[in-house]
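Shown next, in structure tokens, is the structure this report addresses.
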There are 2 protein chains.
Amino acid sequence: METPARRPTLRDVARRAGVSTMTVSRVLNGGENVRPALRRKVESAAAELDYRRNENARSIRPGQRSRLVGVIITNISNPYYAWVMSGIEGVIGRSGRRILVGISHSDVELEKELVRDMIGRQIEGLIVVPSDSGGAHLSPARLGIPVAIASRPLAGIEADTVMVDDVGGAFEGIKHVLDAGRRRVAFVGAGESVSTSVRRLAGYRLAHERAGVPVFDELIRRDANDVASAETAVRQLLALPEPPDAYFTATNRIAVGALRALQPVAGEDPPPLVSFDDFDLAGLMSYPLVIVDHDAPALGRTAAQMLLRRMDDPEPGPYVQVTLPSAVKRVTLKG
Amino acid sequence: METPARRPTLRDVARRAGVSTMTVSRVLNGGENVRPALRRKVESAAAELDYRRNENARSIRPGQRSRLVGVIITNISNPYYAWVMSGIEGVIGRSGRRILVGISHSDVELEKELVRDMIGRQIEGLIVVPSDSGGAHLSPARLGIPVAIASRPLAGIEADTVMVDDVGGAFEGIKHVLDAGRRRVAFVGAGESVSTSVRRLAGYRLAHERAGVPVFDELIRRDANDVASAETAVRQLLALPEPPDAYFTATNRIAVGALRALQPVAGEDPPPLVSFDDFDLAGLMSYPLVIVDHDAPALGRTAAQMLLRRMDDPEPGPYVQVTLPSAVKRVTLKG
DNA sequence: CGAATAGCTGTTATCGTTACCAATCACGTG
DNA sequence: CACGTGATTGGTAACGATAACAGCTATTCG
């Protein structure tokens with residue numbers, strides 16, 4: 001019967017090198033004030049044992065940082081959030097820290113539990129794409145660590161926040177089709193609880209108002225959350241007595257669903273689609289599109305940078321709210 | 001000047017409830033053998049202080065599991081790996097464990113460093129999409145914890161492995177276009193170091209051999225790693241004196257690049273594209289496509305399940321190698 | 001040559017938690 | 001009423017690492 005094969009500890013390295021644990025600890029933390037001969041002995045002993053410091057044990061000492069950052073996003077299978085994640089990872093990874101990920105699946109209770117668990121694991125900071133617009137459980141004051149909020153603003157929470165210019169992007173996209181003479185533009189997005197969708201709808205209304213074009217309630221669908229529900233919603237819009245002459249979709253997933261409904265019935269002059277968020281093959285679609293683009297990795301990068309700043313600087317000043325630009329990027333309207 | 005506001009500890013809860021730390025610990029671990037009155041007192045004290053157990057401190061005690069799993073993937077911004085991640089997260093999250101992620105960017109040295117760091121953080125198990133086909137540093141025997149390898153086999157490593165049937169899927173896809181009478185099918189993929197690409201090329205060769213169709217070296221491009229390089233490679237193939245009459249792309253990213261080159265010059269009877277991996281809008285493309293599909297989340301789920309089994313069962317038996325099916329899913333060839 | 005100094009190394013205590021054991025208490029039994 | 005039994009509770013000692021201090025050894029300088 002073998003022993004369970006525990007990993008070697010500082011003590012094991014010390015024994016092997018014939019020194020005290022403190023000397024080993026000093027060598028491993030930069031080797032200041034250790035004779036080169038001893039240092040080499042310790043280093044080779046550590047290498048032979050394949051020793052790795054137990055970071056958890058280390059982090060229980062006061063004043064030691066865990067070099068761990070928590071990241072909570074709502075959905076990892078959506079490429080958009082994967083990009084955000086990618087931006088976060090680039091910055092956090094380069095700072096020598098590791099990432100603890102949690103997927104909230106847009107469930108506030110799960111999000112709370114994830115936060116609590118991560119706090120228990122001594123994260124130094126937290127980046128969250130919140131599940132909901134309310135979130136006292138995300139307050140940095142309450143958690144005792146810096147927090148960066150990405151993608152949507154949080155009511156009543158004092159924390160660094162980075163968002164996309166949803167209103168401006170939607171405004172510009174809608175203006176494009178209104179300028180092209182369209183007068184019945186459908187809005188397909190999510191409901192009250194998804195604040196990006198709320199702000200994109202605000203941009204939609206603003207563009208109509210400025211252009212003096214009336215908004216028709218029957219053209220506003222707020223029940224599209226994913227590809228399938230978007231496809232259904234657009235099918236129903238198509239079946240209206242007086243169907244839309246253009247479509248605005250609040251996310252790229254919704255755009256994909258909408259295209260599935262629109263493309264097969266596209267006739268001579270199909271109603272153009274304005275999509276918030278770019279998607280891979282947008283440039284190759286034969287369907288007329290207006291793409292409102294923004295930089296998802298930059299969202300992640302910015303959130304990570306804001307967090308690092310606050311983690312490293314004891315007096316980083318007041319909370320910041322950054323809005324990243326979004327703008328019409330590509331237009332494939334014919335004629 | 002405020003104190004640095006450390007989180008409350010077990011001791012603080014004990015003091016507030018007027019009991020010993022052991023009693024608090026017992027309550028927090030299930031509350032066996034504690035009088036209900038005391039238990040309630042402890043619970044309310046913990047709630048008032050918003051106490052959260054320090055999991056790191058807990059995990060240094062022998063026999064305590066960290067409930068932490070490491071996941072290392074090569075690239076998070078590729079939707080394919082995001083799906084794999086999604087499958088992993090579903091299974092691991094439901095088991096009450098958290099995920100420590102690392103992105104290796106296909107850099108073996110970085111991968112090694114990530115593994116070492118994660119070991120230092122006391123992960124219970126590790127799931128890896130390896131950067132390279134060699135990897136002694138990933139051996140579970142060496143690391144002392146279970147390891148699951150996803151996506152590509154590792155030479156000489158004893159570990160649970162889950163892969164996709166690359167040879168069979170490529171074979172079927174190629175067979176499709178050969179049966180349709182194509183005789184100059186280009187292969188666009190990555191080089192020797194990417195083992196999925198190697199195996200997909202094997203399937204490509206096998207299909208030709210079985211059909212008695214010669215393979216032309218000039219049609220085989222092994223320098224495509226991403227969208228941009230794939231686009232370039234296909235442009236060059238198009239410029240050949242005798243260009244291909246069909247294309248096989250080894251990944252969905254490469255397919256996107258290929259389409260960017262092919263679609264703009266598509267004439268009457270464009271060379272069909274066989275893509276390994278599905279992509280969102282494949283069904284809506286006007287270009288003739290053959291999609292070889294496989295289930296990326298299932299890859300992640302399977303890896304996670306294999307890992308959990310080995311983590312929970314002290315005698316899980318010999319290492320397993322699972323191959324998930326891949327098959328032609330959708331065909332939009334005209335005629 | 002003696003003493004002050006600087007550099008190196010070990011000892012001890014501690015971080016937050018839990019395993020182990022001892023102590024206490026209520027209760028029923030002979 | 002003495003005793004055993006079982007449940008409840010607390011004390012103590014780790015787990016692995018490091019901060020603070022103490023002790024030791026060379027080196028330098030007057």
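Lettering follows sequence order; numbering is per chain, from 1.
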Within this structure, what is the [atom1]-to-[atom2] distance between [X] and [N], rounded to whole angstrom?
{"X": "A/Arg7", "N": "D/dC15", "atom1": "CZ", "atom2": "P", "answer": "18 Å"}
{"X": "B/Lys41", "N": "D/dT9", "atom1": "NZ", "atom2": "C1'", "answer": "13 Å"}
{"X": "B/Arg26", "N": "D/dT8", "atom1": "CZ", "atom2": "P", "answer": "10 Å"}
{"X": "B/Arg121", "N": "D/dC15", "atom1": "CZ", "atom2": "C1'", "answer": "18 Å"}
{"X": "A/Leu28", "N": "D/dT18", "atom1": "CG", "atom2": "C1'", "answer": "12 Å"}
{"X": "B/Arg15", "N": "C/dG16", "atom1": "CZ", "atom2": "P", "answer": "10 Å"}
{"X": "B/Asn29", "N": "C/dA19", "atom1": "CG", "atom2": "P", "answer": "7 Å"}
{"X": "A/Arg39", "N": "C/dT9", "atom1": "CZ", "atom2": "P", "answer": "10 Å"}

Evaluate the criterion side chain to side chain contact (heavy atoms under 4.5 Å, CB included) for residue pair B/Met306 and B/Val162; output intermediate values, then yes/no.
CA-CA 9 Å; B/Met306 294 191 311; B/Val162 56; 3.9 Å; yes
Is a side-chain donor-acceptor pair under 3.5 Å present for A/His105 with A/Glu111?
no
Give a yes-or-no answer on whether the side chains of A/Arg11 and A/Thr9 include a donor-acceptor pair shorter than 3.5 Å.
no
Answer whether the closest heavy-atom distance between the side chains of [X] and [Y] falls below 4.5 Å.
{"X": "A/Met85", "Y": "A/Val101", "answer": "yes"}
{"X": "A/Ile76", "Y": "A/Tyr81", "answer": "no"}
{"X": "B/Arg7", "Y": "B/Asp50", "answer": "yes"}
{"X": "B/Met163", "Y": "B/Pro153", "answer": "yes"}
{"X": "B/Ile88", "Y": "B/Ile99", "answer": "yes"}
{"X": "B/Arg98", "Y": "B/Arg67", "answer": "no"}

Does [X] have a side-chain nitrogen or oxygen under 4.0 Å from the phosphate oxygens OP1 or OP2 of [N]?
{"X": "A/Thr23", "N": "C/dG10", "result": "yes"}
{"X": "B/Arg35", "N": "D/dT9", "result": "yes"}
{"X": "A/Gln64", "N": "D/dA19", "result": "yes"}

So does B/Arg16 pair up with B/Asp12, basic N to acidic O under 4.0 Å?
no
Are any of the side-chain nitrogens in A/Glu109 or A/Lys112 under 4.0 Å away from the carboxylate oxygens of its partner?
yes
Of the nucleotides [options], which has the atom closest to the [X] side chain?
{"X": "B/Val19", "options": "C/dT9, C/dT11, D/dG10", "answer": "D/dG10"}
{"X": "A/Met22", "options": "C/dG10, D/dG10, C/dT17", "answer": "C/dG10"}
{"X": "A/Leu38", "options": "D/dA17, C/dT9, C/dG10", "answer": "C/dT9"}

For nucleotides 23-28 of chain C, give me every protein contact, N/O to N/O, under 3.5 Å, one pair per line with atom names.
none

Near DNA chain D, counting only heavy atoms under 4.0 Å, which residues of residues 42-63 of chain A show up?
A/Tyr51, A/Arg53, A/Asn54, A/Ala57, A/Arg58, A/Ile60, A/Arg61
How far apart are the C-alpha atoms of A/Leu324 and A/Leu299, what are their side-chain angles, what is the distance that settles it, and do they pass the side chain to side chain contact (heavy atoms under 4.5 Å, CB included) test?
CA-CA 7 Å; A/Leu324 299 180; A/Leu299 191 76; 4.0 Å; yes
N/O contacts under 3.5 Å, protein versus nucleotides 5-7 of chain D?
none

